[in-house]
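Take this structure, written in structure tokens, and hold onto it; I'll ask about it next.
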Amino acid sequence: MDILYLVVPCYNEEEVLPETSKQLREKMESLIKSGEISDKSRIMFVNDGSKDKTWEMITALHNENKLFQGVCLSRNRGHQNALLAGLMTAKEHCDITISLDADLQDDISAIDDMVKQYHNGYDIVYGVRNSRQTDTFFKKTTAEGYYKVMKAMGADIVFNHADYRLMSKRALEGLSEYGESNIFLRGIVPMISSNSTNVYYARKERMAGESKYPLKKMLAFAWEGITSLSTKPIRMITGLGAIVFLVSIAILIYSLVRYFMGETITGWTSTVMSVWAIGGLQLLAIGIIGEYIGKVYLETKQRPRFIISKYLGDEDDMKGADDNKN
Ligand code: UDP
Ligand code: MG
């Protein structure tokens, strides 16, 4: 039977942990009882350098019930890194992970559907919000705008999906091949495998405590996502340079016409032409240099060039690659 690990990053979450741990425990116990998952399944809290009693609470939970596990980071490293730390630790012990936020804004009843989809053979199951009624107008517009901008900038992410997702051990092995330190999981995970599906749920309100993502952090997060996934901004500069350069040719013709019609004062034609031509050429050149820097950037990430998902060969040739019950 499959071992499921729930991975929950926590940063100053003392206000929600008692309720979160209670609900997650009930969920896990019912899944174990119904035979969906193994009784070796665990709930793993990752303490991301909290300044409050979060870690003490996790320790107490673990001492009380071995269903709870804890990972403590040496200091605050941010949501994405905390999540990665949890996933990579869990990978060694489990067949499936589901990552979710500590505030339980993501409906935990979707866990059943996720596990079902895993049993249907999917390696990755995305939790997708189908409504944002409980989000404030501001949060909703900024969040949805964010997904659209991301897409336009060449970062292929799943619309309205945050970090609530199921990943099989195989998908996690794939994820571990990505060596980049600026990790943006929402963008990386779709690159790992297309053997994925969505599960829909309604997003709830934060139970208690405050959002750890104020606007400033959200903007930084968006920018991080774009620049870590795509070199499209560079390409936009090249495009702009080309446009300005084309405009400069039009201006050249225009100013020459004016010049020969004798409608200009001395020096105007050459000044106007050089401003546009030089500007356009410079932008174009920066864009071209940028193209190469973009390539260097992507090369330094040393991302895997492929991930094999199935292999038909002699047994034991590829351990773990084909252990999906399918
Ligand atoms: N979180 C974290 N480290 C941080 C910030 C947040 O581990 O530096 C965790 C936090 O405890 C929560 C999750 O990331 O479990 C999402 O944060 P939050 O709910 O505040 O974000 P929002 O839902 O408002 O976007
Ligand atoms: Mg939240």
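Just so you know, ligand 1 is whichever comes first in the structure, and atom 1 is the first atom listed for that ligand. By convention here, the first residue in the shown sequence is residue 1.
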- ligand 1 contact on R203 by region, counting heavy-atom pairs under 4.0 Å: side chain
- Query: Can E177 and R303 be counted as an ion pair, charged N to O under 4.0 angstrom?
  - Reply: no
- Under 4.0 Å from one or more heavy atoms of R206, ligand 1 contributes atoms 18 (P), 19 (O), 20 (O)
- Note on the structure: Numbered in order shown, the ligand 1 atoms found under 4.0 Å of a heavy atom of S211 are 20 (O), 21 (O), 22 (P), 24 (O)
- Message: Checking a contact table here: which protein heavy atom is nearest atom 21 (O) of ligand 1, and how many Å away?
- Response: Y213 CD1, 3.2 Å
- Between P9 and ligand 1, find which residue part has any heavy-atom pair under 4.0 Å and reply side chain, backbone, both or neither. both
- Message: Looking only at protein heavy atoms, which one is nearest to atom 4 (C) of ligand 1, and what is the separation?
- Response: D48 OD2, 3.4 Å
- Query: Does an N or O from E210, backbone or side chain, lie closer than 3.5 Å to an N or O of ligand 1?
  - Reply: no
- With a 4.0 Å cut-off, would you call K169 and D95 a salt bridge? no
- Item | Side chain, backbone, both or neither: Q105 near ligand 1, heavy atoms under 4.0 Å | side chain
- Query: Would a line drawn from the ring center of Y164 to the ring center of Y126 be shorter than 6.0 Å?
  - Reply: no
- Message: Regarding Q105, does it place an N, O or S atom less than 2.8 Å from the Mg ion (ligand 2)?
- Response: yes
- Message: Looking at the Mg ion (ligand 2), is there an N, O or S atom belonging to D103 that lies under 2.8 Å away from it?
- Response: yes
- Message: I need the single residue from K116, K27, M28 that forms a side-chain contact (heavy atoms from CB on, under 4.5 Å) with I111. Which is it?
- Response: K27
- Message: Please work out, at 4.0 Å between heavy atoms, whether the side chain, the backbone, both, or neither of N76 comes within that distance of ligand 1.
- Response: side chain
- Message: Would you say Q105 and R206 are linked by a side-chain donor-acceptor pair, where the criterion is simply a distance under 3.5 Å?
- Response: no
- Task: Give a yes/no verdict on whether any heavy atom in Q80 is under 4.0 Å from an atom of ligand 1.
- Result: no
- Has K217 got any heavy atom lying under 4.0 angstrom from an atom of ligand 1? yes
- Message: Please verify the inter-ring angle class for Y146 with F221; under 30° counts as parallel, over 60° as perpendicular, anything in between as tilted.
- Response: parallel
- Task: For the residue pair Y5 and H93, categorise the inter-ring angle as parallel (less than 30°), tilted (30 to 60°) or perpendicular (more than 60°).
- Result: parallel
- Of the protein's non-hydrogen atoms, which lies at the shortest distance from atom 19 (O) of ligand 1, and what is that distance? D103 OD2, 2.7 Å
- Query: Looking at E13, which atoms of ligand 1 are within less than 4.0 Å of one of its heavy atoms?
  - Reply: 10 (C), 11 (O), 12 (C), 15 (O)
- Message: Quick one: does any side-chain atom of Q80 pair with a main-chain N or O of L185 as donor and acceptor, under 3.5 Å?
- Response: yes
- Minimum heavy-atom distance T89-A85, with the two atoms named: OG1-O, 2.5 Å
